[in-house]
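By convention here, the first residue in the shown sequence is residue 1.
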Amino acid sequence: MSFPLLTATAALPAIGAVVTAAVPAARRTAAKWLALLVSLATLALAITVLVRFDPDGDRYQLTESHSWIADFGVRYELGVDGIGVSLLALTALLIPFIILAGWHDADPLETGSKRWRPTQGFFALILAVEAMVIISFEATDVFLFYIFFEAMLIPMYFLIGGFGDRAHEHGEEAASTQRSYAAVKFLLYNLVGGLIMLAAVIGLYVVAGNFSLQEIAEARANGSLDMATNTERWLFLGFFFAFAVKAPLWPLHTWLPNAMGEATAPVAVLITAVVDKVGTFAMLRFCLQLFPEASKWATPVILVLALISIVYGALLAVGQRDIKRLVAYASISHFGFIIMGIFAMTSQGQSGATLYMVNHGISTAALMLVAGFLISRRGSRLIADYGGVQKVAPVLAGTFLIGGLATLSLPGLAPFVSEFLVLVGTFSRYPVIGIIATFGIVLAALYTLVLYQRTMTGPVKAEVSAMPDLRVRELVVVAPLIVLLIFLGVYPKPVTDIVNPAVKSTLSDVQKKDPQPEVEAAK
């Protein structure tokens, strides 16, 4: 029996979470180092998975299958395709940076504070989320996926509500109230989506007789499983609704600005760069593969919703006065591009969407983590409280600028390639949607450059005149992300070579081919 590499990749952070939580209260520093070492070991396993994955091999590789709940046809089935392995690697890559960036975020507060911050719990919860996200990218049994899709909400609820941002303009008591509200809103929105998905999962079992993604997809392809049109559409809507909440897609997005605004910067990165990717990934893996006809039926409406997300998120980002909420609304706009690329049903669109998931994770992590370092120095999230930072902290300002330029998809940085592919893929089939979506790029340039201008340029405000530049730990967090943004912006081939065969298989599932360009015959 071969070594269960996929199980080990998910089990290691899960075990690490339990051990980290059990570290004695007085050994906070030991808990931090333990969590960091576990995350690095998980990254090593993820790299091993990536190296062993053959893009030209079987669609699902490194598979594992064991009977679990036999009476209900539930199996412990794992496997990764090019899309899943890319996002697994992204998750394992970002977690060490998230832990390093949040090194002091759960330290005890000042004497007399009403809140107790258990450091061990903070890092244990991050590792728990990592384990659940990784197994979500690996699961090929629908019920197994559903369990971890929902379970990850619990540690995220405590990370948002129990370890929120200390910077609040109205004091600690108001901050605690806002954190609780954001955490409850996050949980309720996602639980409602999950309950609707559970009904669809049960309905799928009634129709198909099992939960195996591969068996159901093969049965759909060879005609041995023929769903009634209305049944398929209702099941698709049940799955898609849950994924649209997680993604998040307009109008199911309103939990994200609250959650990212009240969470610490590393937890905000965990939300939008890691957890939310499960929603868009699941649209590709489950919606399109299990319900191909319903996916095509719903495409026009979904594209309109994605377009609204792009423009609406960007417009609201322009008007924000809170740095973290601005990044949150920018992410809503970016997720609109990802979903638009998925449902454009073209190879360029879906390759671009998958690449966008990876690049957005890196660029958002870079921008939000540097913003977190900035906020921790000044103690305020308000844009108006800054000015002239580049004169006193030039390295911080420079990395902030690169993160911002990546967010607006500047050519030469990673997100540009993915956004370009999404727009080309969409335009080839839906030219009007593609043209309107480009307006989001203009707005991205506006909110990013205005943010930089108001915080980093101009006269030095007295409150930031003594602001220190990035420290060594912070540089260790930011520098690799900047290098990745530049490398993938110039040479995205390593990622596209992995995801393109999986995208081809997905298009085959929905029986779609790229539209042929109309070329006039030479006279």
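- With hydrogens and angles left out, the side-chain atoms of Thr7 and Glu64 include a donor and acceptor closer than 3.5 Å.
- Atom-to-atom distance recorded for Ser505:OG and Asp58:CG is 10.5 Å, nearest 0.5 angstrom.
- Here the CG-CG distance, from Leu413 to Leu488, works out to 10.5 Å after rounding to the nearest 0.5 Å.
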Original post:
Does the side-chain contact (heavy atoms from CB on, under 4.5 Å) test come out yes or no for Val499 and Leu355, once each step is laid out?
Top reply: CA-CA 8 Å; Val499 304; Leu355 187 61; 5.7 Å; no
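- Ile339 contributes atom CD1, which lies 13.0 Å from atom NE2 of His334 (distance to the nearest 0.5 angstrom).
- Asp497 and Pro55 make their closest contact through O-CB, 3.5 Å (heavy atoms, listed as atom of the first residue, atom of the second, distance).
- Nearest heavy-atom pair, Met283 versus Ala247, reported as atom, atom and distance to 0.1 Å: CE-CB, 4.1 Å.
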**OP:** May I have the step-by-step check of ring pair (Phe, Tyr, Trp, His ring centres under 6.0 Å) for Phe149 and Phe286, ending in yes or no?
**Re:** CA-CA 13 Å; Phe149 180 82; Phe286 295 101; 9.0 Å; no
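- Note: Phe337 CZ to Tyr356 OH = 5.5 Å, rounded to the nearest 0.5 Å.
- Here the OG-CG distance, from Ser39 to Leu12, works out to 9.5 Å after rounding to the nearest 0.5 Å.
- Between Thr254 and Tyr189, the side chains place a donor N or O and an acceptor N or O closer than 3.5 Å (distance only, hydrogens not considered).
- Not less than 6.0 angstrom separates the ring centroid of Phe335 from the ring centroid of His253.
- Between the CZ atom of Phe145 and the CZ atom of Phe281 there is a distance of 7.0 Å, given to the nearest 0.5 Å.
- Nearest heavy-atom pair, Tyr447 versus Ala314, reported as atom, atom and distance to 0.1 Å: CD2-O, 3.6 Å.
- Annotation for Met227 and Leu204: closest pair CE-CD1, 3.6 Å, computed over non-hydrogen atoms.
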